[in-house]
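So the structure is just underneath, and the comments pick up after that.
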Amino acid sequence: IILQISIGISFFFLGYLSYFLFESNSFQLNLIQNPVSFQMKILEFQPKPEGWSKGIGEISVLNDKLNSEKSERILFYSKSSDDFDINDLLLLNADLIPIENKGNPGEFDLKLYWKGKGIRNMCFFDETNFKLLDRNERGFFQSFFYSLQKTFNEILEKHLSGENLAIGKALILGDKSMLDAETKNSFSATGAMHVLAVSGLHIGLILQILLVVAKQFSKFISRKKAIIAILLLLWIYSILTGFSPSVIRSIFMFTVLVLAEFYGKSQNNLNSLFFSAFVLLLFEPMFLFDIGFQLSYLAMVGIFTLYRPIESWYLPKNKILKYFWQGTAVGFAAQCMTVPLTLYYFHQFPNYFAVANLGLMLISGAVLGLGIAIFAFHFLPIIGKIIGYLLFLSIAIMLGFLQWIEHLPGAVALGFNIPFFIVPIVSFILFFLIKLKPNQFIWKITAFTFVLSLVFIIDKRWQHLNENHICFLNNNKLTLLVKKNEQIYCFYNDDPEKLDKVKFTTDSYLKCYPGKITYYSLKNKNFNLSINGMKIRIIKEKSNFVLAFNNRKIEVIHSERDHIKLKEDSERIFMPWINNKNSLRNGAMIYPLED
């Protein structure tokens with residue numbers, strides 16, 4: 001036991017050292033006079049015909065205040081007529097901006113998301129502030145896999161279109177660039193977002209499909225050669241899907257599992273799982289902050305530890321019922337370990353997740369199988385068309401199935417806003433609640449603790465559902481929301497034609513504070529609103545706005561000149577571009593409404 005504790009403490013300090021080294025090697029942007037000149041090598045690039053293209057680059061700062069040998073990856077957005085490519089070297093003169101959250105209720109933690117990928121900063125540039133230094137040619141392997149990826153994309157584009165093409169590329173190739181917000185919402189509302197990310201589910205299904213195919217040729221190829229070929233194909237597939245962390249960890253884990261089983265070694269699935277996690281974190285410690293990494297490994301822990309106890313709850317004799325029950329047990333085991341974390345990150349719970357995941361296990365297996373088949377037989381005209389039609393039909397059925405579940409009454413429960421400390425508590429409680437026998441005294445204590453935790457979570461949600469307040473969102477255009485029970489009134493200082501941008505901002509808020517929302521444009525208008533006898537006035541004065549309610553006045557300051565003239569006052573709010581303790585750049589501001 002002492003040895004195990006010592007090893008655990010050693011790994012903890014090694015992890016802390018890795019994190020400290022990453023922090024110390026990051027650029028201290030507060031020491032830089034922006035804009036700054038730097039070279040950037042393009043690592044990833046997603047071109048868009050219109051608007052801002054997105055990519056990831058590796059930069060070296062030329063500023064004298066920094067060590068020139070330091071480099072790191074950054075997120076960049078470009079608007080240029082130039083057609084960039086991987087390995088291109090650019091000279092930029094642009095602002096390096098730390099990736100920060102806006103602090104609005106319910107928003108996705110972008111800072112943590114990019115931190116998990118080892119990225120802290122971003123920049124924007126157009127044709128006026130960059131110079132192409134060199135077009136570095138792709139290496140042999142890069143060119144080979146790029147052309148292969150391009151060929152696979154063209155095959156899918158030949159047989160699919162619109163939403164079906166977007167979903168097909170996401171499921172089969174891991175390319176989510178074509179997915180629109182509505183499609184993502186359908187997957188999110190049904191608890192099926194993991195299907196869009198190539199991860200353990202996809203790799204496991206592809207592995208099973210390839211094993212079944214290889215079994216049919218057992219007379220021509222030995223089992224050893226078949227397994228080596230299959231694992232090689234999986235690693236090639238990882239490159240085609242962008243070599244993302246979720247794919248790497250899944251393929252590495254299944255590689256360990258398959259090889260251990262092949263060589264007949266006594267194995268423990270959890271040991272293989274943790275070994276894969278250990279190796280990945282050894283090479284890239286920041287994976288630990290990746291939300292996908294956390295959810296993926298928690299799901300696998302749930303499947304390996306809770307699947308058997310859950311399966312034993314019901315033992316159907318019918319083979320078809322048994323198959324469906326086993327699929328349900330797998331989904332439920334994974335959900336038990338991930339639901340506390342999803343409530344913390346996404347503030348919602350899909351009530352029909354079991355039905356959605358069961359259906360998707362069947363349909364996504366068909367989609368992946370047909371995807372592999374279309375790549376293998378696309379050159380045969382008749383067979384290629386038949387497989388393409390079946391692929392199109394499978395994706396259409398999947399989307400229709402998800403949209404049907406999404407529109408069922410009470411499909412999504414919103415309004416969860418739990419503190420982080422409750423996440424490990426509920427996870428451990430659920431684990432022991434399922435693993436322990438109900439007649440044990442410890443199980444009864446665990447069940448009582450689970451009820452208390454559930455009451456705490458429900459009470460927090462109830463408070464959010466019934467909270468009455470005025471909320472100023474951190475946005476470049478003034479956006480304020482008046483919440484009165486289930487009614488929400490959103491006032492925004494922009495043209496009505498730009499309502500979609502406003503809705504993008506308020507969607508996150510509605511996850512935390514759900515309700516029926518109505519939008520009003522403040523462009524060249526004053527408003528007088530009466531809610532249950534309480535009057536709220538919004539008045540425009542030059543460039544500023546004044547909000548009056550409950551004998552209080554809050555002035556929203558837009559101009560830097562007004563900022564200089566005014567004294568510090570708690571009843572003034574400053575727009576995000578003004579540096580002040582009451583600036584919205586520090587996060588959304590909420591004022592309670594009293595009757």
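Across all their heavy atoms, W577 and N476 have their closest contact at CZ3-O, 3.4 Å. The minimum heavy-atom distance linking F125 with W52 is given by the pair O-CZ3, 3.5 Å. Heavy-atom minimum distance, N474 versus P576: OD1-CG, 3.2 Å. In terms of heavy atoms, N582 sits closest to R572 at CB-O, 3.3 Å. Minimum interatomic distance between P105 and A588 (heavy atoms only, all atoms of both residues): CD-CB, 3.8 Å. Between C123 and L96, the shortest heavy-atom contact is CB-CD2, 4.5 Å.
Taking the six-membered ring for Trp and thresholds of 30 and 60 degrees, F353 and F332 have nearly parallel ring planes, at less than 30 degrees apart. The aromatic rings of F45 and F76 sit parallel to each other, their planes meeting at less than 30°, with 60° as the upper class boundary.
For the side chain to side chain contact (heavy atoms under 4.5 Å, CB included) criterion with F574, the lone passing option out of L584, N579, I557 is I557. A side chain to side chain donor-acceptor pair (under 3.5 Å) with T506 is found for exactly one of Y513, Y519, Y492, namely Y519.
For the pair N586 (side chain) and K581 (backbone), a donor-acceptor distance under 3.5 Å is present. Judged by distance alone, with hydrogens and angles left aside, the side-chain atoms of N466 form a donor-acceptor pair with the main-chain N or O of W462 at under 3.5 Å. With hydrogens and angles disregarded, a donor-acceptor distance shorter than 3.5 Å links the side chain of N351 to the backbone of G410. Checked by atom type and distance alone, the side chain of T338 never pairs as donor or acceptor with a backbone atom of L298 at under 3.5 Å. Looking only at distances, a side-chain donor or acceptor of D88 sits under 3.5 Å from a matching main-chain atom of D85. N104 places no side-chain N or O within 3.5 Å of a backbone atom of S508 that could act as its donor or acceptor partner. Side chain of S521 to backbone of D495: no donor-acceptor contact under 3.5 angstrom is found. In terms of modelled atom types and a separation under 3.5 Å, the side chain of T479 and the main chain of N475 share no donor-acceptor contact.
Counting heavy atoms from C-beta on, the side chains of D500 and V502 never come closer than 4.5 Å. Side-chain contact check for L295 versus T342: some heavy-atom pair is nearer than 4.5 Å. Residues M398 and I167 are in side-chain contact: their nearest non-hydrogen atoms beyond the backbone lie under 4.5 Å apart. Taking the side chain as every heavy atom from C-beta outward, F130 and M40 never approach each other to under 4.5 Å. Within the 4.5 Å cutoff, the side chain of D95 has no heavy atoms near those of the F124 side chain. Taking the side chain as every heavy atom from C-beta outward, K483 and Y509 approach each other to under 4.5 Å. Contact check for F472 versus L478: side-chain heavy atoms found under the 4.5 Å cut-off. Using a 4.5 Å heavy-atom threshold, the side chains of I86 and L43 count as separate.
Within a 6.0 Å radius of NZ in K501, no more than 12 heavy atoms belonging to other residues, nucleotides or ligands are found. Applying the 6.0 Å contact sphere to CZ of F108 captures more than 12 heavy atoms from other residues, nucleotides or ligands. Within a 6.0 Å radius of NZ in K523, more than 12 heavy atoms belonging to other residues, nucleotides or ligands are found. Around NZ of K102, the count of heavy atoms belonging to other residues, nucleotides or ligands within 6.0 Å exceeds 12.
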Original post:
Should T505 and L473 be marked as a side chain to side chain contact (heavy atoms under 4.5 Å, CB included) after you check the CA-CA gap, both sets of side-chain angles, and the distance that decides it?
Top reply: CA-CA 8 Å; T505 306; L473 296 180; 3.8 Å; yes
**OP:** Verify side chain to side chain contact (heavy atoms under 4.5 Å, CB included) between C512 and H464, making sure each step is shown before the conclusion.
**Re:** CA-CA 7 Å; C512 260; H464 270 233; 4.2 Å; yes
**OP:** I would like to know whether Y345 and Q294 meet side-chain hydrogen bond (donor to acceptor under 3.5 Å, both in side chains); could you show each step before the answer?
**Re:** CA-CA 11 Å; Y345 282 132; Q294 297 168 6; 2.8 Å; yes
**OP:** Could you walk me through whether L547 and F549 pass the side chain to side chain contact (heavy atoms under 4.5 Å, CB included) test, one step at a time?
**Re:** CA-CA 7 Å; L547 173 69; F549 68 100; 4.0 Å; yes
Subject >> Stepwise side-chain hydrogen bond (donor to acceptor under 3.5 Å, both in side chains) check, N485 with E467 >> reply: CA-CA 6 Å; N485 298 324; E467 185 173 316; over 6 Å; no
**OP:** Starting from the C-alpha separation in whole Å, work towards a yes-or-no answer on ring pair (Phe, Tyr, Trp, His ring centres under 6.0 Å) for F416 and F349.
**Re:** CA-CA 8 Å; F416 294 97; F349 180 77; 7.1 Å; no
**OP:** For the pair K516 and E486, evaluate salt bridge (charged side-chain N to carboxylate O under 4.0 Å, His left out) and give the outcome as yes or no after the intermediate values.
**Re:** CA-CA 6 Å; K516 184 179 179 181; E486 295 182 355; over 6 Å; no
**OP:** Evaluate the ring pair (Phe, Tyr, Trp, His ring centres under 6.0 Å) criterion for residues F527 and F545: first the C-alpha distance (whole Å), next the side-chain angles of each, then the deciding distance (0.1 Å), finally the verdict.
**Re:** CA-CA 11 Å; F527 268 92; F545 282 89; over 10 Å; no
**OP:** Applying side chain to side chain contact (heavy atoms under 4.5 Å, CB included), run through L391 and H159 and close with a yes or a no.
**Re:** CA-CA 8 Å; L391 179 61; H159 297 278; 5.7 Å; no
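Distance check, rounded to the nearest 0.5 Å: CZ of R73 to CH2 of W114 gives 9.5 Å. Between atom CG of residue N417 and atom NZ of residue K460 there is a gap of 6.5 Å, rounded to the nearest 0.5 Å. The NE2 atom of H558 lies 11.0 Å from the CD1 atom of I573; values are rounded to the nearest 0.5 Å. The CD1 atom of I119 lies 8.5 Å from the CD1 atom of I74; values are rounded to the nearest 0.5 Å. Between atom CD of residue E107 and atom CG of residue L110 there is a gap of 7.0 Å, rounded to the nearest 0.5 Å. How far CD1 of I172 is from CG of N153: 10.5 Å, rounded to the nearest 0.5 Å.
Side-chain contact of N101 with D109: a donor-acceptor pair under 3.5 Å is present, judged by distance alone.
The existence of a salt bridge linking E157 and K169 is confirmed by a sub-4.0 Å separation between a basic side-chain nitrogen and an acidic carboxylate oxygen. Salt-bridge formation is not detected for the pair E72/R120: no Lys NZ or Arg NE/NH1/NH2 atom is positioned less than 4.0 Å from an Asp or Glu carboxylate oxygen. Salt bridge absent: K41 and E58 never bring a charged side-chain N and a carboxylate O closer than 4.0 Å.
No close placement of the Y344 and F421 rings is indicated, their centers lying 6.0 Å or farther apart.
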